[in-house]
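Numbering of ligands and ligand atoms starts at 1, following listing order. Residue numbers run from 1 in the order of the sequence given.
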Amino acid sequence: MTATGSVLITDVRLYGEGDPVDVAVSDGVIAEIGPGLPAPAGAATLDGRGGVLLPGFVDLHTHVREPGREDTETIATGSAAAARGGYTAIFAMANTAPVADNAALTDAVWRIGREVGLCDVHPVGAVTVGLEGKQLAEMGMMADGAAKVKLFSDDGKCVHDPVLMKRALEYSRGLGVLISQHSEDPRLTVGAVAHDGPTAARLGLAGWPRAAEESIVARDALLARDAGARVHVAHASCEGTVELIRFARSQGIDITAEVTPHHLLLDDSRLETYDGVNRVNPPLREERDKLALRVALAEGVIDCVATDHAPHASQEKCCEFSQAKPGMLGLETALSVIALTMVRPGLLDWRGVARVMSERPAQIVGLDDQGRPIEVGEPGTLTIVDPDAEWTVVPDELASKSRNTPYAAMTLPGRVLGTVLRGTVTHR
Ligand code: NCD
Ligand code: ZN
Ligand code: ZN
């Protein structure tokens with residue numbers, strides 16, 4: 001069992017509904033909900049200041065750079081960034097150096113995450129050895145290890161060979177695990193650094209066409225159908241991807257998808273300055289993609305938000321656009337970007353936020369102790385949000401070891417006031 005704590009959370013509105021109440025968490029479990037509660041023995045207290053209480057957020061797509069690039073993020077700093085962002089569980093992608101393609105490594109990530117103790121760190125296992133797309137990794141060994149790996153991905157790269165992807169899906173079905181695909185046909189994106197549209201053409205940047213994503217999403221949906229397997233679409237970025245997922249679902253195909261905060265807020269009009277901070281895979285697309293993704297998330301066609309938190313050193317971002325490494329920070333700003341793009345415009349209420357940031361991601365990957373209802377007897381794994389706060393993003397104030405946030409100097413609505421993992425306060 002993992003460590004548990006006791007805390008009295010005061011003055012919160014569950015899912016932003018009804019009158020303010022207190023929530024007493026005793027030994028990691030919600031013991032009582034009601035007005036004016038006494039603190040459990042030995043409990044910490046956390047003043048909710050009339051804010052919104054939600055189940056802790058679950059991120060299916062985080063890059064912590066340990067092992068290999070601890071200068072840009074470690075499991076400890078990534079966990080701290082997660083806790084600050086209201087996350088209580090993150091899935092650490094496998095594209096580390098060395099690659100997390102074996103149980104020794106996935107178990108090490110899991111163990112370090114537990115020692116840090118700021119959120120549950122679930123390692124993602126690679127689908128292929130070294131992310132090379134040639135030979136399947138020992139998925140079964142990783143699934144059976146201490147970390148009980150539930151999610152597999154070659155993220156950063158696409159499992160491009162359809163025969164290999166078919167076999168990986170067949171294995172995943174047998175193992176009861178899920179494959180998350182980075183949908184990018186590499187033959188269509190050679191040298192690409194930006195969305196293939198009028199902006200990239202004008203700026204002289206090589207384009208990444210929508211079809212590079214859409215064609216893989218369509219193919220994988222069909223492969224999943226034939227394998228009787230599930231498949232998850234990482235960082236969906238195109239209007240057409242939404243329509244393909246809608247169609248696949250109508251055919252009874254078990255496909256799920258995530259969208260990043262940055263694809264909901266930003267578009268390729270940001271590229272005018274050639275600032276490398278805006279380079280990301282898949283690229284920032286056009287206004288109509290952004291709006292289609294928002295509607296799809298509200299409707300549930302896209303299941304959940306995932307940050308694709310991708311820390312990079314400043315020397316790898318502050319350079320010529322085409323030389324900048326792709327990727328953006330996301331953990332500490334996700335809730336605020338969702339408040340701005342989804343809550344303020346009335347596309348989601350706070351119950352909806354609980355669904356897309358906590359409940360659906362936990363269900364998709366089969367976590368039974370996250371994304372749970374806020375009820376007596378359920379885990380005290382919770383996030384408090386001040387919905388009326390506004391804050392200005394200052395890169396140097398982030399807990400992440402890296403500074404590559406696209407939101408620097410932006411004022412965003414909604415702030416995480418506190419995070420609780422099984423009764424232990426991980427952020428306040
Ligand atoms: C990710 C990274 O830096 O590891 N970069 C990115 O632009 N999203 C890899 C990935 O998610 O494909
Ligand atoms: Zn990716
Ligand atoms: Zn990623």
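Here the N, O or S atom of His61 that is nearest to the Zn ion (ligand 3) is NE2.
Not a single heavy atom of Lys157 lies less than 4.0 angstrom from ligand 1. By the 4.0 Å heavy-atom criterion, Arg279 is excluded from the residues contacting ligand 1. Under a 4.0 angstrom heavy-atom cut-off, Lys325 registers as lying outside contact with ligand 1.
A salt bridge is defined here as a Lys NZ or Arg NE, NH1 or NH2 lying under 4.0 Å from an Asp or Glu carboxylate O, and Glu170 with Arg167 fails to meet this definition. At a threshold of 4.0 Å, the pair Arg403-Asp396 counts as salt-bridged, since one of the basic side-chain nitrogens sits closer than that to a carboxylate oxygen. By the 4.0 Å N-to-carboxylate-O rule, Glu132 lies too far from Lys157 to be salt-bridged with it.
Checked by atom type, the side-chain pair Gln370/Thr88 shows a donor-acceptor distance below 3.5 Å. Side chains of His309 and Asp59: a donor-acceptor N/O pair is absent below 3.5 angstrom, by distance only. Side-chain polar atoms of Thr256 and His232 form a donor-acceptor pair below 3.5 angstrom. With hydrogens and angles left out, the side-chain atoms of Ser402 and Glu73 include no donor and acceptor closer than 3.5 Å. Side-chain N/O atoms of Glu320 and Ser322 include a donor and acceptor closer than 3.5 Å. Between the side chains of Thr419 and Thr383, not a single donor N or O lies within less than 3.5 Å of an accepting N or O. Side-chain contact of Thr77 with Thr74: a donor-acceptor pair under 3.5 Å is present, judged by distance alone.
Of the protein's heavy atoms, Pro326 O, 3.2 Å lies nearest to atom 5 (N) of ligand 1. For atom 7 (O) of ligand 1, the closest non-hydrogen atom on the protein side is Asn281 N, 2.8 Å. Nearest protein neighbour of atom 10 (C) of ligand 1, counting heavy atoms only, is Asp155 OD2, 3.3 Å. In this structure, the protein non-hydrogen atom closest to atom 3 (O) of ligand 1 is Arg65 NH2, 2.8 Å. Among all protein heavy atoms, the one lying closest to atom 1 (C) of ligand 1 is His63 NE2, 3.7 Å.
Atoms of ligand 1 lying under 4.0 Å from any heavy atom of Val280, numbered from 1 in the order shown and given with element: 7 (O). Which parts of ligand 1 touch Gly156 is read off a 4.0 Å heavy-atom cut-off, strictly below it: atoms 9 (C), 10 (C), 12 (O). Set against the non-hydrogen atoms of His312, the atoms of ligand 1 under 4.0 Å away are 3 (O). Atoms of ligand 1 lying under 4.0 Å from at least one heavy atom of His235, given by number and element, are 11 (O), 12 (O). Remark: ligand 1 atoms within the under-4.0 Å shell around heavy atoms of Ala310 are 2 (C), 3 (O). Numbered from 1 in the order shown, with element, the atoms of ligand 1 that lie under 4.0 Å from a heavy atom of Gly327 read 5 (N), 6 (C), 7 (O).
For the side chain to side chain donor-acceptor pair (under 3.5 Å) criterion with Ser237, the lone passing option out of His262, Arg210, Glu213, His263 is Glu213.
At a 4.0 Å heavy-atom cut-off, ligand 1 touches His61 through the side chain alone. The residue Met93 has no part lying near ligand 1, judged by heavy-atom distances below 4.0 Å. At a heavy-atom cutoff of 4.0 Å, ligand 1 is contacted by the side chain of Asp308 but not by its backbone.
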Practice problem: Check the pair Arg285, His195 against side-chain hydrogen bond (donor to acceptor under 3.5 Å, both in side chains), reporting the backbone distance first and the verdict last. | Solution: CA-CA 6 Å; Arg285 300 213 183 258; His195 167 64; 2.9 Å; yes

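Angle ND1(His182) to the Zn ion (ligand 2) to NE2(His235), rounded to 10°: 110°. Centred on the Zn ion (ligand 3), the angle running from Asp155 (OD2) to Asp308 (OD1) is recorded as 170°, rounding to 10°.
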